[in-house]
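These numbers come from the heavy atoms of this one structure, side chains and all, not from hydrogens, waters or symmetry mates.
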Amino acid sequence: MPASRQIDTGTEALLARVEDGVSILTMNRPERLNAWTIDMAAGMTRALTDAEQAEDVGCVVVTGTGRAFCAGGDVKDMAARGDQPRPEAPVNADLRVREQALIQRETSGRIYEMRKPVLASLPGAAAGAGLSIALACDMRIASENAVLTTAFAKVGVSGDYGCIWFLSRLVGPAKARELFYFSDRLDAKQAQQLGLVNWVVPESALAERTM
């Protein structure tokens with residue numbers, strides 16, 4: 001087996017490669033702080049399928065390019081794709097819920113159920129859906145610059161991608177509610193004290209320590 005290979009995710013927004021037994025999945029929209037899109041979700045599904053089945057993969061790392069892990073869902077991208085309701089084209093709510101449930105099961109749900117260890121490597125902000133994906137992983141390592149926040153209350157939507165469930169299991173229901181209702185911003189050390197992050201390292205050491 002080659003020590004290194006590239007994985008075709010179908011999009012430049014999600015890069016994936018295997019290095020010495022580690023499948024490295026990188027959210028790659030640094031100009032948007034790696035804000036989450038449908039294309040990114042589809043790429044993640046393809047990469048996770050490869051990781052599950054590949055004999056040359058022993059564990060998985062999820063990370064982001066630049067100064068963020070993932071800043072949450074890209075609302076501008078959703079609007080551009082027509083994900084916002086329009087009077088002339090009413091949305092079938094039941095169908096949209098089923099579609100979203102499938103996407104979430106195939107990404108954060110698949111990460112959580114992965115039979116190989118999955119590590120989130122956080123170079124910076126993990127917010128909203130980005131936080132959900134990080135919490136779905138088995139362990140998290142963060143740079144000193146990382147910031148974690150639920151963020152959902154700031155935009156008036158409920159948590160998605162399993163964030164409520166993951167957070168409640170990690171910090172308990174009372175603290176989880178507090179973090180959801182107030183969308184507190186936690187720096188890396190605060191997140192570590194709560195048990196949301198396993199290790200905090202200098203930014204320059206993050207990639208090496210992760211591997």
Side-chain angles (χ1 to χ4, degrees), residues 3-7 9 11-37 40-41 43-48 50-52 54 56-72 107-151 161-163 166-167 170 185-211:
S4 177
R5 65 178 173 89
Q6 299 295 315
I7 300 167
T9 66
T11 175
E12 289 297 315
L14 194 290
L15 307 179
R17 69 187 191 279
V18 177
E19 288 187 6
D20 297 323
V22 181
S23 182
I24 304 169
L25 315 184
T26 305
M27 292 173 278
N28 186 45
R29 300 181 70 226
E31 74 285 356
R32 297 286 296 159
L33 298 179
N34 303 318
W36 188 252
T37 66
M40 196 180 288
M44 181 78 74
T45 297
R46 294 177 69 166
L48 291 171
D50 179 275
E52 287 174 338
D56 63 340
V57 173
C59 62
V60 180
V61 167
V62 182
T63 190
T65 301
R67 57 191 181 91
F69 178 75
C70 174
T107 51
S108 58
R110 205 160 189 170
I111 289 171
Y112 180 75
E113 295 177 351
M114 178 79 65
R115 294 187 178 183
K116 299 173 182 180
V118 186
L119 175 67
S121 181
L122 312 179
L131 177 63
S132 306
I133 291 166
L135 297 182
C137 298
D138 296 305
M139 293 176 287
R140 287 151 292 281
I141 180 170
S143 88
E144 294 172 333
N145 297 330
V147 175
L148 282 66
T149 179
T150 58
Y161 286 85
C163 194
F166 296 134
L167 195 60
L170 287 166
R185 289 168 56 89
L186 305 174
D187 63 30
K189 286 297 184 182
Q190 290 172 316
Q192 185 180 35
Q193 290 168 358
L194 282 176
L196 297 177
V197 166
N198 299 89
W199 304 279
V200 177
V201 300
E203 179 184 12
S204 60
L206 180 64
E208 182 178 357
R209 283 290 300 277
T210 296
M211 297 304 290

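Remark: side-chain polar atoms of Ser143 are paired, donor with acceptor, to backbone N or O of Pro123 under 3.5 angstrom. When atom types are taken as modelled, the side chain of Asn28 and the backbone of Glu12 share a donor-acceptor pair closer than 3.5 angstrom. Formation of a donor-acceptor pair under 3.5 Å by the Arg5 side chain with backbone atoms of Val18 is not found in this model. Using a distance-only test at 3.5 Å, with no hydrogens or angles considered, a donor-acceptor pair links the side chain of Thr9 to the main chain of Leu14. Judged purely by atom type and a 3.5 angstrom limit, Asp187 has no side-chain atom pairing as donor or acceptor with the backbone of Val147.
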Should Val62 and Met27 be marked as a side-chain contact (heavy atoms from CB on, under 4.5 Å) after you check the CA-CA gap, both sets of side-chain angles, and the distance that decides it? CA-CA 8 Å; Val62 182; Met27 292 173 278; 4.1 Å; yes
Would Arg67 and Asn145 count as a side-chain contact (heavy atoms from CB on, under 4.5 Å) here? Give the steps. CA-CA 8 Å; Arg67 57 191 181 91; Asn145 297 330; over 6 Å; no
Under the side-chain contact (heavy atoms from CB on, under 4.5 Å) criterion, do Leu25 and Met44 qualify, and how do the steps go? CA-CA 8 Å; Leu25 315 184; Met44 181 78 74; 3.7 Å; yes
Given Ile24 and Met211, is the side-chain contact (heavy atoms from CB on, under 4.5 Å) satisfied, shown in steps? CA-CA 10 Å; Ile24 304 169; Met211 297 304 290; 3.8 Å; yes
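Rounding to the nearest 0.5 Å gives a distance of 10.0 Å between CG of Leu148 and CZ of Arg185. Within the model, atoms CD of Glu144 and CG of Leu206 stand 10.5 Å from one another, a figure rounded to the nearest 0.5 Å. Distance check: Arg32 CZ to Cys70 SG gives 11.0 Å after rounding to the nearest 0.5 Å. Between the OG1 atom in Thr63 and the CG atom in Asn34 there is a gap of 8.5 Å [rounded to 0.5 Å]. Distance check: Thr65 OG1 to Glu31 CD gives 9.5 Å after rounding to the nearest 0.5 Å. Put simply, OG1 on Thr107 and OH on Tyr161 are 5.0 Å apart, with the number rounded to the nearest 0.5 Å.
Counting non-hydrogen atoms of other residues, nucleotides and ligands closer than 6.0 Å to CZ of Arg110 gives a total above 12.
Closest heavy-atom contact between Leu135 and Arg140: O-NH1, 3.5 Å. Taking all atoms of both residues into account, the shortest heavy-atom contact from Ala68 to Leu33 is CB-O, 3.7 Å. In terms of heavy-atom proximity, Val60 sits nearest to Ala51 at CG2-CB, 3.7 Å. Between Ala146 and Leu122, the shortest heavy-atom distance links the atoms CB-O, 4.0 Å. A pairwise comparison of heavy atoms in Ala47 and Ala16 identifies CB-CB, 4.0 Å as the closest pair. A pairwise comparison of heavy atoms in Leu119 and Trp199 identifies CD1-CZ3, 4.1 Å as the closest pair.
Taking the six-membered ring where tryptophan is involved, the planes of Phe166 and Tyr112 are tilted, since the angle between them lies from 30° to 60°.
In this structure, the side chains of Leu196 and Leu167 come closer than 4.5 Å at one or more pairs of heavy atoms.
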